[in-house]
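Note sheet for the following structure.
Letters A, B, ... are given to chains in the order of the sequence lines, protein chains preceding strands, and every chain is numbered from 1.
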Amino acid sequence: MNNKKTFQSLVNEIVKTIPPGKVMTYKDVASKAGNQKAFRAVGTALKNNPDKSIIHCHRVVGSDGAMHGYAFGGESEKIRILKSEGVIFIGDKVDLAKSRL
DNA sequence: CATTTGACAGGAA
DNA sequence: CTTCCTGCCAAAT
């Protein structure tokens, strides 16, 4: 079997494991992926995500809980979705202090 | 193999 | 607090 999954698939799996009401930073995901400095590749992977429909991309936020991309109609929309999941928000950013997995 | 791109992070001004 | 620059990595071409 192909165990050698690309970073993309790896990140993909990790992001899918994020439970509702929780979020992970690119750094956290990258760290689980094997390289904490690969947060760059994480973003690249997510945007190239093969299953964006099943991936909880909106549960992945920046180091400050800020969302950079993923405009699900607008950042405001994304915020609303996360809040709907139970994530705590501070203004336009996620409260990593409580919602960070 | 080299170059380019990308949904980032951290530091400096 | 905001804005700009640099550094990092992986995948695609």
Worksheet item: Which of these, A:L46, A:V11, A:L101, sits in a side chain to side chain contact (heavy atoms under 4.5 Å, CB included) with A:V29?
Response: A:V11
Discussion item. I'd like to know if A:I18 and A:F89 are part of one continuous hydrophobic network [Ile/Leu/Val/Met/Phe/Trp/Tyr, side-chain heavy atoms within less than 4.5 Å].
Written reply: no
Worksheet item: Just how far, in rounded Å, is P of B:dA7 from CG of A:D28?
Response: 20 Å
Worksheet item: Has the side chain of A:Y26 got a donor or acceptor that lies under 3.5 Å from a partner of the other kind on the base of B:dA9?
Response: no
Worksheet entry | Spacing between A:K47 atom NZ and B:dC8 atom P, to the nearest angstrom | 10 Å
Discussion item. Could you report the tightest heavy-atom contact between A:A41 and A:F7, atom names first, then the distance?
Written reply: CB-CD2, 4.0 Å
Worksheet item: Less than 4.5 Å apart, any side-chain heavy atom of A:H56 and any of A:V60?
Response: no
Worksheet item: Is there a path from A:L10 to A:F39 through hydrophobic residues (I, L, V, M, F, W, Y) whose side chains come within less than 4.5 Å of each other?
Response: yes
Worksheet item: In residues 58-67 of chain A, which ones come under 4.0 Å of DNA chain B, going by heavy atoms?
Response: A:G62, A:S63
Practice prompt. Look at atom NZ of A:K93 and say whether more than 12 heavy atoms of other residues, nucleotides or ligands are closer to it than 6.0 Å.
Written response: no
Response to the item:
Ranking A:T25 and A:V42 by the position along DNA chain B of their nearest nucleotide, the one closer to 5' is A:V42
Item to complete: Return the value, rounded to whole Å, for the distance between atom CD1 of A:I81 and atom P of B:dA7.
Response: 18 Å
Fill in: Residue A:K22 excluded, over 12 heavy atoms near NZ under 6.0 Å
yes
Considering only nitrogen or oxygen atoms on both sides, find all protein atoms under 3.5 Å from nucleotides 8-11 of chain C and state each distance.
| unit_1 | atom_1 | unit_2 | atom_2 | d |
| --- | --- | --- | --- | --- |
| C:dC9 | O4' | A:K37 | O | 3.4 |
| C:dA10 | OP1 | A:N35 | ND2 | 2.9 |
| C:dA11 | OP1 | A:F7 | N | 2.7 |

Fill in: Of A:I81, A:I79, A:L82, A:L96, the residue whose pairing with A:V87 passes side chain to side chain contact (heavy atoms under 4.5 Å, CB included)
A:L82
